[in-house]
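Here is the structure we will look at, set down as structure tokens.
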Amino acid sequence: MKVTVFGGGREVGRSGFEIRGESTKVILDYGVMIREDRPVFPLSTHARDLDGLIITHAHLDHSGGAPIFYVTENPRVFMTSTTKELTDILIKDLLHLSSYFLPYEALELRTMIERNEDIGNTARIGNAEVEFYNSGHIPGSINVLLRLDGKKVWYSGDFNTIDTVLLRAGVVPDTEMDFAIIESTYATVDHPPREESEKRLIEVLNDVVEGGGLALIPAFSVGRSQEILCVLQKHNFKYSIAIDGMSRVATKLIASAPETVRNPELLKKAMSRAKWVAGQKDRDKVLNKPGVVITSSGMLTGGASVYYMEKIRNRSRDCVVLVSFQIPGTPGRVLLDEGVYGPPGEKRKVKCRVEWIDFSSHCGKTELMKVVKSLKGNPKILCVHGEPISCTSFAEQIRQETGLEAYAPSLGDSFTI
Ligand SMILES: [Zn+2]
Ligand SMILES: [Zn+2]
């Protein structure tokens with residue numbers, strides 16, 4: 001059996017892996033990385049001899065390239081029903097907003113969505129027996145154990161092994177394995193305890209609102225927006241909460257699949273007391289009253305969060321509370337590092353307050369090592385989906401602490417098992 005890295009080797013943004021057995025070919029994830037003005041896809045491969053495509057979760061860095069396979073062929077595809085629904089809205093949004101060329105259109109997306117076989121616990125794809133486990137990352141997310149030609153491969157996808165307010169912790173398959181492909185997003189840092197982040201968020205928000213200000217929380221539409229809503233409800237946050245942009249659509253969709261969240265009642269309560277921003281009038285109201293607004297995108301790259309940011313940037317009583325990882329080069333990261341915001345060449349110091357609070361949905365350094373040490377068998381390990389330094393130092397740490405073979409592969413690298 002051969003595993004090839006199509007994307008996600010020493011990078012985050014276009015995960016894609018090919019598993020090729022004697023007579024079976026499976027692709028695990030096929031994402032898209034949005035680089036400034038152009039999309040970057042994983043390495044290309046024929047759809048003709050593809051037995052199936054598995055998408056671990058809806059984030060575009062795992063799903064956004066997949067419709068390419070439907071331009072000429074119609075391969076089998078496996079997503080949980082929640083991932084299917086969320087992928088549909090996220091890719092539609094990408095198609096709608098893209099000013100650049102995408103190599104597929106709405107038709108290919110629709111073909112893929114219609115072709116999907118909703119994931120249960122197992123599936124047979126060609127000669128591969130596949131098992132799926134909760135990965136604790138976003139609603140609908142799974143990790144994958146694949147048995148093929150007498151070997152077992154585990155792919156973590158994006159993975160979180162601690163309970164959050166929104167989701168139950170991810171599960172590692174309890175079986176001997178030969179090969180493991182593991183994400184490395186936070187392989188060099190630990191997250192603060194979750195309770196601490198929650199408390200800090202409530203403190204900051206109380207402070208801003210009691211000072212007469214508006215707190216803008218830019219959050220990923222899928223996962224983070226619902227997590228923040230639930231955190232505010234859990235702590236009985238008593239001031240006005242508005243929700244806008246794609247976050248609204250994703251929240252309604254997730255609430256309609258209560259089995260994907262840890263406490264559906266809490267989410268329902270949070271939703272019923274939030275104000276659902278429906279148009280410009282509502283936005284004006286939100287902007288002119290103390291309170292909180294949760295909206296996508298999480299890194300201020302587009303969507304309603306950009307609209308609010310423009311309005312509050314010079315208002316010293318207001319605050320932008322970043323709660324997502326800020327990829328270097330994004331407006332959110334530049335704001336955080338330099339305190340400036342605006343179009344390229346016209347960035348100016350902002351007067352509003354800027355905060356960043358860690359609400360990650362990925363394992364931190366300690367949890368990742370725990371996962372590795374819990375794996376049964378003596379699997380060879382690929383450290384992927386991370387900045388180069390995260391992947392290489394994770395592989396080094398695994399070699400030193402466990403004696404397992406571990407690599408930080410580059411794009412195009414193949415491994416034979
Ligand atoms: Zn993800
Ligand atoms: Zn990812």
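Position 1 is the first residue of the sequence; numbering continues from there. For the numbers below, each heavy atom of this structure counts, side chains included, while hydrogens, waters and symmetry mates do not.
- Note that CZ of R76 is 10.0 Å distant from CZ of R124, once rounded to the nearest 0.5 Å.
- Remark: the backbone N or O of V384 is paired with a side-chain donor or acceptor of S184 at under 3.5 angstrom.
- Side-chain contact check for S221 and S296: no donor-acceptor pair (N or O, by modelled atom type) lies under 3.5 Å.
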Practice item. Check step by step if side chain to side chain contact (heavy atoms under 4.5 Å, CB included) holds for M309 and R313. Key: CA-CA 6 Å; M309 189 58 208; R313 54 178 296 165; 4.2 Å; yes
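- The two residues F101 and P39 come nearest to each other via the heavy atoms O-CG, 3.6 Å.
- Residues R168 and D163 have side chains in contact (heavy-atom distance under 4.5 Å, counting atoms from C-beta outward).
- Using a 30° and 60° split on the angle between ring planes, H137 and H59 fall in the perpendicular class, above 60°.
- Within 6.0 Å of NZ on K269 lie no more than 12 heavy atoms contributed by other residues, nucleotides or ligands.
- S390 places no side-chain N or O within donor-acceptor distance of the main-chain N or O of T188, the cut-off being under 3.5 Å.
- E195 and K234 are joined by a salt bridge, as a carboxylate oxygen and a charged side-chain nitrogen come within less than 4.0 angstrom of each other.
- Judged by distance alone, with hydrogens and angles left aside, the side-chain atoms of E73 form no donor-acceptor pair with the main-chain N or O of Y70 at under 3.5 Å.
- Side-chain contact between S15 and Y155: present, with at least one pair of heavy atoms (C-beta onward) separated by less than 4.5 Å.
- Within a 6.0 Å radius of CG in N127, other residues, nucleotides and ligands contribute more than 12 heavy atoms.
- Within the 4.5 Å cutoff, side-chain heavy atoms of T295 are placed close to those of L216.
- Within 6.0 Å of atom CD in E105, 12 or fewer heavy atoms from other residues, nucleotides or ligands are found, so the atom counts as exposed in its surroundings.
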Check your understanding: Should L229 and L266 be marked as a side chain to side chain contact (heavy atoms under 4.5 Å, CB included) after you check the CA-CA gap, both sets of side-chain angles, and the distance that decides it?
Key -> CA-CA 9 Å; L229 266 178; L266 187 72; over 6 Å; no
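- Remark: S393 OG to Q400 CD distance equals 10.5 Å, nearest 0.5 Å.
- Checked by atom type and distance alone, the side chain of H62 never pairs as donor or acceptor with a backbone atom of G31 at under 3.5 Å.
- Side-chain atoms of D244 and Y308 form a donor-acceptor pair, as typed in the model, at a separation below 3.5 Å.
- The side-chain heavy atoms of L411 and L43, taken from C-beta on, include a pair separated by under 4.5 Å.
- Contact check for I55 versus Y30: no side-chain heavy atoms found under the 4.5 Å cut-off.
- Considering OH of Y133 and OG of S141, their distance stands at 15.0 Å, rounded to 0.5 Å.
- L53 CG to N116 CG: the interatomic distance, rounded to the nearest 0.5 Å, is 9.5 Å.
- Closest approach of S240 and K275 over heavy atoms only: OG-NZ, 3.5 Å.
- A donor-acceptor distance shorter than 3.5 angstrom exists from the side chain of R399 to the backbone of A406, with no hydrogens or angles considered.
- Counted within 6.0 Å of CD on E22, heavy atoms from surrounding residues, nucleotides or ligands total 12 or fewer; the atom is thus considered open.
- Scanning both residues, V277 and A242, for their nearest heavy atoms gives CG2-CB, 4.0 Å.
- The minimum heavy-atom distance linking E183 with L368 is given by the pair O-CD2, 3.5 Å.
- Checking each of R20, K2, K380 against T416 for a side-chain contact (heavy atoms from CB on, under 4.5 Å) leaves exactly one that passes, namely K2.
- Aromatic rings from F325 and Y186 are positioned such that their centres are separated by under 6.0 Å.
- Taking the six-membered ring for Trp and thresholds of 30 and 60 degrees, F159 and W154 have ring planes more than 60 degrees apart, a perpendicular arrangement.
- Atom CG of N121 has 12 or fewer neighbouring heavy atoms from other residues, nucleotides or ligands inside a 6.0 Å radius.
- At distances below 3.5 Å, not a single donor-acceptor pair connects side-chain atoms of E310 with backbone N or O atoms of Y307.
- We find the CE-CG distance between M299 and L336 to be 12.5 Å, quoted to the nearest 0.5 Å.
- In the model, T175 has a side-chain atom that pairs as donor or acceptor with a side-chain atom of K152 under 3.5 Å.
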Review point. Taking it one step at a time, do D158 and D61 satisfy side chain to side chain contact (heavy atoms under 4.5 Å, CB included)?
Key: CA-CA 10 Å; D158 288 358; D61 60 319; 4.2 Å; yes
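- Of all non-hydrogen atoms in K349 and V340, the two that sit nearest each other are N-CG1, 3.8 Å.
- Considering CD of E227 and OG of S324, their distance stands at 11.0 Å, rounded to 0.5 Å.
- Judged purely by atom type and a 3.5 angstrom limit, S197 has no side-chain atom pairing as donor or acceptor with the backbone of I357.
- Salt bridge present: R110 and E114 bring a charged side-chain N and a carboxylate O closer than 4.0 Å.
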**Study point:** Working for side chain to side chain contact (heavy atoms under 4.5 Å, CB included), residues V144 and F132
**Key:** CA-CA 5 Å; V144 182; F132 305 101; 4.2 Å; yes
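- At a threshold of 4.0 Å, the pair D88-K84 does not count as salt-bridged, since none of the basic side-chain nitrogens sits closer than that to a carboxylate oxygen.
- Side chains of R200 and V204 form a contact here, defined as non-hydrogen atoms less than 4.5 Å apart.
- In this structure, E198 contributes its side chain and P193 its backbone to no donor-acceptor pair below 3.5 Å.
- Using modelled atom types, one side-chain atom of D51 and one backbone atom of K25 make a donor-acceptor pair closer than 3.5 Å.
- Within the 4.5 Å cutoff, the side chain of L214 has no heavy atoms near those of the V208 side chain.
- A donor-acceptor distance shorter than 3.5 angstrom exists from the side chain of N134 to the backbone of A169, with no hydrogens or angles considered.
- Two residues are said to be in side-chain contact when any heavy atoms from C-beta on lie closer than 4.5 Å; V153 and D178 fail this criterion.
- Taking both residues in full, the closest heavy atoms of P218 and L300 are given as CG-CD2, 3.9 Å, listed atom of the first, atom of the second, then distance.
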